[in-house]
Chemist: 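One structure is given below, represented as C-alpha cells, and several questions about it will come after.
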Amino acid sequence: MNISQYEAFLKTIELGSLTKAAETLGYTQSGLSHMMNALESDCDLKLMMRDRSGVRITADGQQLLPYFQTICNGQHNLSEKINEIHRLEFGLVRVGTFTSVSAQWLPGIIKRFHADFPKIQFELLHGSNNEDLEDWVINGRVDCAFVKIPTRQPLEAIFLRRDPFVAILPSNHDLADHLFLPVSALTEYPYIKLDESADDGISDIFESHQIRPNVRFVEKEDYAIMAMVDNGLGISVLPELVLKDTARKIVIKKLDIPAYRDIGIVVKNKKMLTASAQKFVSYVQEWITEEYNS
C-alpha cells in the first residue's frame, strides 16, 4: 500500500466515479481500477462497490476512510513544511468558500497573493452550507474556509466583515422610492425565498421578528433570485455582498430592522497551518481591510 492508492481511493469516493477520478488524477481508467484492486487486495477487504451508476463506499471502506484521510493530510502537511523551508516556492492552499465570496473577494485576494507567490497553487471547494464548510476544516479537507460566524464547531475564527441583508425589488416597484423597506411589506408582496439549504440566517431574522413572508417561489441560487426580481416576479432579501456590481435592473433597499451576517475565515488550529495557508490568511485580512477602508 502507498500514499497514491490512498489519494486515489479518496478522490474516487469523493467524485463517485472511477472515470471522473481517473481524469482528475491523470490516470487511465484501467490504471486507476488496477490501483483500487491492489488496495483492496492488500487490505483483504471490499472497500467500494461499482455498478453502472458509479462507485459507492462499503461499510469496511467507511471505517478505513478517516485513516486514509489522516495519512494523506499528514503527507500534505509534510510536503508543505518542506516547502516552507524553501521559502514558499511551491505549495498548495486548500480553501473552502461559498458563491458570493468566490465572486466578490477571492479573485482580488488570489491575484495579489499570486503576484508575490506565483508558484503556490489553490484548490477551492464550494460548500452549499456552513455545516459542510466547517466539517471540511475539522476533517482536514481544507486548510481554511470562509463561513458565517459564530460557528457550531470549535474552530479558530477571524472576523472579516459584517454583511447586511438588504431587500431587492423590481425597478418599477411601488416601494422603489422608499428610503428603507418596511419588513411588513414582505408579507404583502410576492416574496422569492432562498432555499433553506442556502439560507445564511435570513429565516432566523424573520422568525425573531415574527415575520411571515408571502412566499411565492423558492430558489436555491441567489443569482437566480436576482433574475426573477429583475423580471418582476416578486421581491426578496439577500446578503449585500451577493449584489455587488450586479448589472440587474433591481432596486436595493436597507431593511427597517437590524439584519446582517458576520463573515469570517476559520481554521482548525493556527499553529498547525502550513506556511502557505498562514500567508494566505494574512493576505485575506489585509485585502479586506484595504477594500473596505480605502
Side-chain angles (χ1 to χ4, degrees), residues 6-7 10-11 14 65-117 119-163 200-201 239 241 260-292:
Y6 303 150
E7 291 173 340
L10 294 175
K11 184 59 67 174
E14 177 186 338
L65 184 67
Y67 295 94
F68 292 157
Q69 289 174 326
T70 297
I71 293 170
C72 291
N73 288 334
Q75 176 65 32
H76 166 74
N77 291 337
L78 173 61
S79 297
E80 284 296 291
K81 180 55 67 175
I82 294 172
N83 292 329
E84 180 180 351
I85 298 172
H86 290 285
R87 300 182 181 179
L88 297 179
E89 290 184 359
F90 298 95
L92 172 67
V93 182
R94 303 167 301 170
V95 182
T97 182
F98 52 92
T99 304
S100 51
V101 166
S102 297
Q104 305 297 344
W105 289 357
L106 278 176
I109 295 169
I110 293 177
K111 179 180 179 180
R112 177 178 295 186
F113 190 93
H114 186 70
D116 292 335
F117 305 102
K119 294 184 179 180
I120 299 295
Q121 296 180 330
F122 283 88
E123 181 181 355
L124 306 180
L125 273 72
H126 288 75
S128 58
N129 54 61
N130 229 54
E131 288 74 17
D132 286 347
L133 292 163
E134 291 179 33
D135 288 343
W136 289 344
V137 176
I138 287 292
N139 65 34
R141 182 66 185 86
V142 297
D143 301 303
C144 57
F146 293 90
V147 299
K148 180 171 66 74
I149 56 176
T151 61
R152 64 181 177 86
Q153 297 272 25
L155 297 167
E156 297 184 27
I158 300 168
F159 171 78
L160 296 175
R161 176 77 178 169
R162 175 157 288 180
D163 186 27
D200 285 305
L241 184 61
Y260 56 85
R261 62 178 180 176
D262 287 333
I263 301 176
I265 189 167
V266 295
V267 301
K268 187 174 182 180
N269 186 332
K270 293 178 185 176
K271 295 180 180 178
M272 295 300 292
L273 278 182
T274 62
S276 53
Q278 287 179 352
K279 185 63 69 174
F280 173 72
V281 170
S282 69
Y283 268 56
V284 169
Q285 294 175 272
E286 291 171 7
W287 188 90
I288 293 294
T289 300
E290 293 180 15
E291 179 74 7
Y292 290 98

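Computed from a predicted structure; not experimentally measured.
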Chemist: Look at the side chain of D132 and the backbone N and O of G127, then say whether any donor-acceptor pair between them is shorter than 3.5 Å.
Modeler: no
Chemist: Should the ring pair F122 and F113 be called parallel, tilted or perpendicular, given that the plane angle runs from 0 to 90° and is split at 30 and 60?
Modeler: perpendicular
Chemist: For a side chain to side chain contact (heavy atoms under 4.5 Å, CB included) check, start with the C-alpha distance between Q75 and I71, then their side-chain angles and the critical distance, and finish with the verdict.
Modeler: CA-CA 6 Å; Q75 176 65 32; I71 293 170; 5.7 Å; no
Chemist: For atom NZ of K279, decide whether the heavy atoms of other residues, nucleotides or ligands shown that lie under 6.0 angstrom number more than 12.
Modeler: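 No, because the 6.0 Å sphere around NZ of K279 holds 12 heavy atoms or fewer from other groups.
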Chemist: Answer yes or no: is there a donor N or O on one side and an acceptor on the other, between the side chain of R94 and the main chain of L125, under 3.5 Å?
Modeler: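 Side chain of R94 to backbone of L125, a donor-acceptor pair under 3.5 Å: no, none is there.
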Chemist: Could you pull out the closest heavy-atom pair between L88 and S276, with the gap in Å?
Modeler: CD2-N, 3.6 Å
Chemist: Begin with the C-alpha distance, continue with both residues' side-chain angles, and end with the deciding distance and a verdict on side chain to side chain contact (heavy atoms under 4.5 Å, CB included) for W105 and V284.
Modeler: CA-CA 9 Å; W105 289 357; V284 169; 5.9 Å; no
Chemist: Supply the atom-to-atom distance Y260 OH to D163 CG, rounded to the nearest 0.5 angstrom.
Modeler: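 If I round to the nearest 0.5 Å, the distance is 12.0 Å.
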Chemist: If we check side-chain contact (heavy atoms from CB on, under 4.5 Å) with V267, which of these qualifies: M272, Q278, E156?
Modeler: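 Exactly one pass, corresponding to E156.
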Chemist: Answer yes or no: is there an ion pair linking E123 with R141, defined by an N-O contact shorter than 4.0 Å?
Modeler: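 Counted as a salt bridge, because a side-chain N and a carboxylate O are separated by less than 4.0 Å.
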Chemist: Over all heavy atoms of both residues, which pair between A157 and V266 is shortest? Give the atoms and the distance, please.
Modeler: CB-CG1, 3.6 Å
Chemist: Given side chain to side chain contact (heavy atoms under 4.5 Å, CB included), test L155 with E134 step by step and report yes or no.
Modeler: CA-CA 8 Å; L155 297 167; E134 291 179 33; 4.0 Å; yes
Chemist: Distance from R161 atom CZ to E291 atom CD, nearest 0.5 Å?
Modeler: 9.0 Å
Chemist: Give me the atom names and distance for the closest heavy-atom approach of A145 to V137.
Modeler: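 In terms of heavy atoms, the two residues are closest at CB-CG2, 3.6 Å.
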Chemist: Which pair of heavy atoms, one from T97 and one from L106, lies closest together, and at what distance?
Modeler: OG1-CD1, 3.6 Å
Chemist: Quick check: are there more than 12 heavy atoms from other residues, nucleotides or ligands sitting under 6.0 Å from CD of Q121?
Modeler: no
Chemist: Going through the checks in order, is the side chain to side chain contact (heavy atoms under 4.5 Å, CB included) test met by C144 and F280?
Modeler: CA-CA 9 Å; C144 57; F280 173 72; 3.9 Å; yes
Chemist: For the atom pair CG (N77) and SG (C72), what is the distance rounded to the nearest 0.5 Å?
Modeler: 11.0 Å
Chemist: If you measure from CG on L273 to NZ on K270, what distance do you get to the nearest 0.5 Å?
Modeler: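 Answer for the CG-NZ pair, L273 versus K270, is 9.0 Å.
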Chemist: Please report the shortest heavy-atom distance between Q104 and W287, naming the atom on each side.
Modeler: O-CH2, 3.8 Å
Chemist: For the atom pair CD1 (I158) and CZ (F146), what is the distance rounded to the nearest 0.5 Å?
Modeler: 10.0 Å
Chemist: Does any N or O in the side chain of E80 come within less than 3.5 Å of the main-chain N or O of L92, such that one atom is a donor and the other an acceptor?
Modeler: yes
Chemist: Measure the CD1-CZ distance between I263 and F159 for me, rounded to the nearest 0.5 Å.
Modeler: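 Spacing of CD1 (I263) from CZ (F159) equals 9.0 Å.
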